[in-house]
Amino acid sequence: YAPWCPACKQIELTWESFGKESKRLDITVGKVDVTQEPGLSGRFFVTTLPTIYHANDGVFRRYRGSRTLEDLQGYVLERKWEAVEPVAGWKSPSSIMMHGMAGLFHFSAWIRQIHSYLTDTLGVHVWISYTIFILATLLIGLVLGL
């Protein structure tokens with residue numbers, strides 16, 4: 001989820017209620033703020049919000065059903081997750097490819113932090129910050145090319 005996401009805000013109370021039922025359902029319910037954990041959102045290849053995953057014994061399935069409390073509970077109690085195709089091996093959050101994707105998301109967040117530091121803290125104009133990144137990219141390319 002993301003704090004700014006309208007769909008995430010809409011499901012928030014239902015998700016909290018589902019979390020309160022977790023002991024009775026013998027499951028663990030959690031939520032991750034993708035703005036705070038970009039690597040995790042990269043690892044799970046989150047492209048829409050909110051995204052719900054069911055994990056059991058290292059096998060991940062994406063939940064695409066209704067977002068009502070009854071349907072979420074039924075998905076677990078009636079073991080409807082067994083009929084859902086697991087996430088493909090190469091797209092699994094534990095795969096090497098998704099580890100790399102998480103690294104790219106971390107790198108992206110790091111670059112965004114540097115840009116914010118340059119513009120917000122040091123007061124550098126936005127276009128000067130962009131120019132610094134362009135020159136750094138070219139310099140790195142030249143060094144790697146040599």
Side-chain angles (χ1 to χ4, degrees), residues 1-73 75-76 80-81 84-146:
Y1 84 99
W4 50 262
C5 169
C8 298
K9 290 177 183 177
Q10 187 177 20
I11 192 177
E12 188 172 13
L13 292 176
T14 302
W15 193 253
E16 287 177 13
S17 298
F18 186 53
K20 290 175 184 173
E21 294 288 320
S22 63
K23 285 189 181 190
R24 183 179 70 80
L25 298 171
D26 195 27
I27 60 171
T28 302
V29 175
K31 66 180 184 177
V32 176
D33 181 349
V34 296
T35 63
Q36 298 297 314
E37 299 292 337
L40 199 56
S41 67
R43 181 169 288 188
F44 280 83
F45 203 62
V46 174
T47 56
T48 58
L49 293 174
T51 300
I52 300 173
Y53 276 94
H54 172 269
N56 188 21
D57 294 329
V59 178
F60 296 88
R61 291 172 173 85
R62 186 161 174 193
Y63 177 79
R64 298 182 189 267
S66 171
R67 307 286 173 93
T68 65
L69 180 59
E70 296 77 23
D71 287 333
L72 290 167
Q73 290 173 338
Y75 186 78
V76 174
K80 292 180 182 178
W81 52 270
V84 176
E85 187 73 26
V87 174
W90 66 274
K91 277 178 75 176
S92 173
S94 58
S95 72
I96 292 172
M97 184 170 172
M98 288 299 128
H99 280 284
M101 185 70 86
L104 288 174
F105 275 63
H106 278 295
F107 183 65
S108 170
W110 181 69
I111 289 174
R112 197 169 37 241
Q113 287 175 342
I114 292 173
H115 175 72
S116 294
Y117 176 75
L118 289 172
T119 56
D120 298 340
T121 306
L122 298 181
V124 173
H125 191 274
V126 172
W127 286 105
I128 294 174
S129 175
Y130 291 159
T131 304
I132 290 169
F133 282 109
I134 290 169
L135 292 174
T137 302
L138 291 173
L139 182 64
I140 291 169
L142 287 172
V143 170
L144 290 175
L146 293 174

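Count residues from 1 along the sequence.
Remark: Tyr1 pairs with no residue by the ring pair (Phe, Tyr, Trp, His ring centres under 6.0 Å) rule, at least two apart or across chains. Ser22 pairs by the side-chain hydrogen bond (donor to acceptor under 3.5 Å, both in side chains) definition with nothing, not counting sequence neighbours. Residues passing the side-chain hydrogen bond (donor to acceptor under 3.5 Å, both in side chains) test with Asn56, sequence neighbours excluded: none. Scored by the side-chain hydrogen bond (donor to acceptor under 3.5 Å, both in side chains) test, Ser17 finds no partners at all (sequence neighbours excluded). For Arg62, the side-chain hydrogen bond (donor to acceptor under 3.5 Å, both in side chains) criterion is met by Thr48, not counting sequence neighbours.
Side-chain atoms of Lys31 and Glu12, non-hydrogen and from C-beta on, do get closer than 4.5 Å to each other. Inter-residue side-chain proximity for Ile52 and Ile11 is flagged as met; some heavy-atom pair is nearer than 4.5 Å. At a threshold of 4.5 Å between non-hydrogen side-chain atoms, the residues Val84 and Arg64 do not count as touching.
Minimum interatomic distance between Gln73 and Leu25 (heavy atoms only, all atoms of both residues): CG-CD1, 4.1 Å. Closest non-hydrogen pair, Leu69 versus Thr14, comes out as N-CG2, 3.5 Å. Minimum interatomic distance between Cys8 and Ala2 (heavy atoms only, all atoms of both residues): SG-N, 3.6 Å.
The aromatic rings of Phe18 and Trp15 sit tilted, their planes meeting at an angle between 30° and 60°.
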Apply side chain to side chain contact (heavy atoms under 4.5 Å, CB included) to the pair Arg61 and Glu85, showing each step before the final yes or no. CA-CA 7 Å; Arg61 291 172 173 85; Glu85 187 73 26; over 6 Å; no
Hey, mind stepping through Phe60 and His54 against ring pair (Phe, Tyr, Trp, His ring centres under 6.0 Å) and telling me if it holds? CA-CA 6 Å; Phe60 296 88; His54 172 269; 9.4 Å; no
Pair Leu49-Trp4, side chain to side chain contact (heavy atoms under 4.5 Å, CB included): steps then yes or no: CA-CA 10 Å; Leu49 293 174; Trp4 50 262; 3.9 Å; yes
Can you check ring pair (Phe, Tyr, Trp, His ring centres under 6.0 Å) on Tyr63 and Tyr75, steps first, answer last? CA-CA 9 Å; Tyr63 177 79; Tyr75 186 78; 4.7 Å; yes
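Heavy-atom neighbours of Asp120 CG from other residues, nucleotides or ligands within 6.0 Å: above the threshold of 12. At most 12 heavy atoms of other shown residues, nucleotides or ligands fall within 6.0 angstrom of atom CD in Gln10. Heavy atoms of other residues, nucleotides or ligands lying less than 6.0 angstrom from CZ of Phe133 number more than 12.
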Under 3.5 Å, which donor-acceptor pairs do the side chains of residues 110-118 form with other protein atoms, sequence neighbours left out?
residue : atom : partner : partner atom : Å
His115  : ND1  : Ser129  : OG           : 2.7
Ser116  : OG   : Arg112  : O            : 3.1

